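In what follows, a structure is listed as structure tokens, so that the remarks can point back to it.
Keep in mind that this is a model prediction, so the values were computed, not measured. Just so you know, residue 1 is the first one in the sequence shown, and it goes up from there.
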Amino acid sequence: SKKTRYLLPNILTLGGVCLGISSIKFSIDGNYSLAVIFILLAAILDALDGRIARLIKGTSEFGKELDSLTDFVSFGIAPVFILYFWELNSFGKLGWAITLLYSVCCVLRLARFNLTKIDKLKKWKINFFEGIPSPAGGILILLPLIYELADLNFNFNIKNITPYFTALIAILLVSKIPTLSFKKISVSPKSTVFILLGMGTIFISLLFYTFKTLLVFGVIYLISIPISFVIYKSKDKKEI
């Protein structure tokens, strides 16, 4: 039973890396919609494996290291290669330099995350990341592509800002800007039904309006970054 507890989260982690690598293959084939969906599925598995490991008491040092390596492949290499095959290659050396910049920033962010320790006297900090997490970064840099796949027809050439937007997300990965992690959230029993209803609505939206929904959530996440910064600073001042 102990081996099973350790095995299940690692199987989910390995599933995530398979999805990430497969997304590169689909982008090479020009199937960008499926490539983006595979990155989304990899992010969902990444969110589940750690929580399931803690739930069934199957956490291990091996699983922690495997998760970081998988995150680098699925969110540090795959998304930016999808962008490179889609548009960044048209910028020549600059496009390749931005591809490398994002990957380097992602691996630095993961290394820093593994060494981060929360002060026991400031447990509230567990609800915040330092910089944006790699799964969020992997989806955010795909927003220009997602915008095109959503086919919104706003007469705006999103491709022109793609390299600059990718560089911005790369900087946010290694920044020290606090972002919400939602690791420790207390949910009232009365609100459970509404949360389930909300999750069901999100699932249906992703099923029928996949790219439009991803675009909306990406924009909401970007807006939440300054909000989380303000919340973090206000909590930090109360501790002083």
Side-chain angles (χ1 to χ4, degrees), residues 16 20 36 39-51 53-54 64 67-68 70-80 83 98 101-147 161-162 164-187 195 198-199 202 206 213-240:
V36 171
I39 294 296
L40 173 64
L41 293 174
I44 292 172
L45 284 184
D46 181 74
L48 289 175
D49 60 5
R51 285 168 173 80
R54 289 188 290 271
K64 181 180 177 182
D67 187 61
S68 290
T70 300
D71 282 358
F72 178 57
V73 174
S74 298
F75 311 116
I77 296 178
V80 77
L83 272 191
I98 291 172
L101 172 68
Y102 177 83
S103 294
V104 168
C105 288
C106 187
V107 75
L108 290 174
R109 192 253 178 273
L110 289 167
R112 185 180 67 186
F113 176 76
N114 287 345
L115 295 173
T116 302
K117 296 187 183 298
I118 302 295
D119 189 345
K120 291 181 179 180
L121 298 176
K122 295 184 177 181
K123 283 292 184 181
W124 58 270
K125 286 188 176 182
I126 201 170
N127 277 324
F128 294 90
F129 288 120
E130 198 174 60
I132 61 175
S134 54
I139 293 176
L140 286 175
I141 64 164
L142 292 173
L143 285 184
L145 172 57
I146 292 169
Y147 173 84
I161 69 165
T162 299
Y164 311 107
F165 184 74
T166 306
L168 173 64
I169 300 302
I171 293 168
L172 288 175
L173 280 171
V174 293
S175 71
K176 293 194 173 183
I177 297 174
T179 57
L180 294 170
S181 71
F182 302 107
K183 285 186 177 181
K184 294 284 184 181
I185 305 175
S186 56
V187 178
I195 292 172
M199 295 299 293
I202 292 170
L206 284 171
T213 304
L214 280 177
L215 187 64
V216 169
F217 277 101
V219 172
I220 290 173
Y221 186 86
L222 288 172
I223 294 171
S224 76
I225 293 175
I227 296 173
S228 63
F229 178 80
V230 172
I231 295 172
Y232 181 91
K233 288 298 180 183
S234 64
K235 286 181 175 290
D236 202 27
K237 284 182 181 179
K238 289 178 182 179
E239 291 287 327
I240 299 174

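By the neighbour-count criterion of 12 heavy atoms within 6.0 Å, atom CZ of F165 is densely surrounded, having more than that number from other residues, nucleotides or ligands. Atom OH of Y221 has more than 12 neighbouring heavy atoms from other residues, nucleotides or ligands inside a 6.0 Å radius.
Nearest heavy-atom pair, L101 versus A170, reported as atom, atom and distance to 0.1 Å: CG-CB, 4.3 Å. When all heavy atoms of G20 and A78 are compared, the pair lying nearest together is O-CB, 3.3 Å. Scanning all heavy atoms of the two residues, the minimum distance from L173 to G137 falls at CD2-CA, 4.3 Å. Counting all heavy atoms, side chain and backbone alike, L143 lies closest to L214 at CD2-O, 4.1 Å. Smallest separation of non-hydrogen atoms from G76 and S103: O-OG, 2.8 Å. Closest non-hydrogen pair, G218 versus L140, comes out as O-CD2, 3.7 Å.
In this structure, CZ in F75 is found 10.5 Å from CG in L142, a value given to the nearest 0.5 Å. Atom OG1 of T179 is separated from atom CD1 of I227 by 13.0 Å, given to the nearest 0.5 angstrom. To the nearest 0.5 Å, atoms CZ (F229) and CG (L180) are separated by 13.0 Å. A distance of 10.0 Å separates OG1 in T162 from OH in Y164, rounded to the nearest 0.5 Å. Remark: L172 CG to I141 CD1 distance equals 12.0 Å, nearest 0.5 Å. Atom CG of L108 is separated from atom OG of S134 by 12.0 Å, given to the nearest 0.5 angstrom.
Applying the salt bridge (charged side-chain N to carboxylate O under 4.0 Å, His left out) test to residues at least two apart or on different chains, the pairs with a partner in residues 102-115 are R112-E130.
Within the 4.5 Å cutoff, no side-chain heavy atoms of L83 are placed close to those of Y102. Using a 4.5 Å heavy-atom threshold, the side chains of T70 and D46 count as separate. Looking at heavy atoms from C-beta onward, I231 lies in side-chain contact with F128 at the 4.5 angstrom threshold.
In this structure a side-chain-to-backbone donor-acceptor pair under 3.5 Å is missing from S68 to L110. When atom types are taken as modelled, the side chain of S74 and the backbone of G16 share a donor-acceptor pair closer than 3.5 angstrom.
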